[in-house]
Amino acid sequence: MGDLKVTPLAPAEPDTAQPDTVALFVSDLHLHVAMPRTAQAFFNFLQHQARRSQQLYLLGDIFEYWAGDDDIATPFNQHVVSTIRAISAAGVAVFWMAGNRDFLVGDRFAAATGVRLLPDPVVTQIAGYRMVLTHGDAQCTDDRAYMEFRARVRSQDWQQKFLALPLAERKAIIADLRSGSREAQRSKSSDIMDVNAGAIATLFDTTDTEVMIHGHTHRPACHRYPAHPSPRVRYVLPDWDCDAAVQRGGWIGISADGAIRRFDVNGHALS
């Protein structure tokens, strides 16, 4: 993986007035005006679950796309922003990590929502665990075409040039990219769009962590690695779609006693 740069995140000071839930993790909501039930499910989650937690981690692809912080005032985006802001204003520490769809979120968005922008990956301590958080797309190294595209659009030069374009032009370019991505995925095998086992092992090794949480792949699961000298576990977050006939979504929660639980979109604990 080359010279991996991982930023450690200082643990938040404990607050005995906070409830039992220490941290919640979600990703891959792909919020869009055309998916109102999914957006409402997220708003319900913020109001009823996140508000009672000490920390909330939004680990990428919260939006279907983000064309730049100058798009923050559109009605739908403003509703999302104001709802997240209400949670941070209520005393919940909210953290934001870029995904492959919303990596253009910047300081203006952070100021409007009250979130803290995180690098990818980041190491933190929660409820006694040393864990690494990542969106997950950087570990899909078998998809070489995507990795080349990712390197290009994450470069400072590309982003400066792109953000200098008029907003309407940027949205048109993004629409073309999304269409091309859907077409390309039809010809890709399922395996290359998942994380690479070696990339995951490298991330565990370089960060010296025991727990990993990521999204991106839309393959929710709990992977355990007991054969390693010290046990490791990797949690994969689900994507959300409550506008489909069969709803899906959910989150991961960590309680003060160290229990890590997966929940479906209705808040039911999964085994």
Side-chain angles (χ1 to χ4, degrees), residues 1-7 9 25-33 35 42 56-74 76-77 80-81 84 94-123 132-141 143-182 184-185 193 195 199 203 212-218 236-237 239-240:
M1 292 178 63
D3 296 328
L4 179 67
K5 295 182 179 180
V6 181
T7 302
L9 180 63
F25 305 82
V26 295
S27 71
D28 298 278
L29 286 102
H30 297 273
L31 295 177
H32 189 270
V33 68
M35 299 181 69
F42 177 57
L56 170 63
Y57 291 84
L58 305 173
L59 296 183
D61 286 3
I62 303 305
F63 290 98
E64 172 66 5
Y65 70 88
W66 190 257
D69 282 3
D70 53 341
D71 196 25
I72 205 169
T74 59
F76 180 78
N77 289 346
V80 176
V81 165
I84 296 175
V94 185
F95 301 91
W96 178 285
M97 180 177 287
N100 53 292
R101 300 296 189 102
D102 49 18
F103 58 87
L104 290 174
V105 158
D107 292 339
R108 181 178 171 187
F109 177 90
T113 55
V115 305
R116 175 178 171 182
L117 302 181
L118 297 178
D120 183 0
V122 68
V123 173
V132 58
L133 309 176
T134 180
H135 177 60
D137 60 324
Q139 286 70 50
C140 295
T141 55
D143 190 346
R144 295 182 181 179
Y146 171 70
M147 296 304 292
E148 291 174 1
F149 170 80
R150 186 183 191 277
R152 182 169 73 254
V153 300
R154 294 300 184 100
S155 71
Q156 185 176 9
D157 181 63
W158 185 93
Q159 292 187 14
Q160 286 179 342
K161 291 178 180 177
F162 184 76
L163 291 173
L165 298 173
L167 179 59
E169 185 175 349
R170 275 179 268 145
K171 288 187 174 183
I173 292 172
I174 289 171
D176 287 342
L177 289 172
R178 289 165 64 205
S179 177
S181 175
R182 286 191 292 268
Q185 286 180 5
M193 290 188 289
V195 294
L203 186 55
M212 182 185 302
I213 299 177
H214 72 82
H216 180 67
T217 64
H218 301 189
V236 185
L237 290 160
D239 66 311
W240 290 48

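Quantities reported herein were computed from a predicted structural model and do not represent experimental measurements.
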Under the rule for side chain to side chain donor-acceptor pair (under 3.5 Å), what residues qualify as partners of [X], not counting sequence neighbours?
X	result
Trp240	none
Asp137	Tyr146, Arg150
His216	Asn100, His135
Thr134	Asp120, Gln139

Quiz item: Just checking, any donor-acceptor pair under 3.5 angstrom between side chains of His32 and Glu64?
Solution: no
Applying side-chain contact (heavy atoms from CB on, under 4.5 Å), can you list everything that pairs with [X], at least two apart in sequence or on another chain?
X	answer
Ser27	Leu59, Leu237
Leu163	Leu104, Arg170
Asp71	Thr74, Asn77, Leu167, Lys171
Arg152	Phe149, Trp158

Exercise. Start with the C-alpha gap between Trp96 and Phe109, add the side-chain angles, then the distance that decides, and say whether ring-ring contact (aromatic ring centres under 6.0 Å, His included) holds.
Key: CA-CA 10 Å; Trp96 178 285; Phe109 177 90; 4.8 Å; yes
Quiz item: Which residues satisfy the ring-ring contact (aromatic ring centres under 6.0 Å, His included) test with Phe25, sequence neighbours excluded?
Solution: Tyr57
Practice problem: Applying salt bridge (charged side-chain N to carboxylate O under 4.0 Å, His left out), name anything that partners Asp157, two or more places apart in sequence or on another chain. | Solution: Lys161
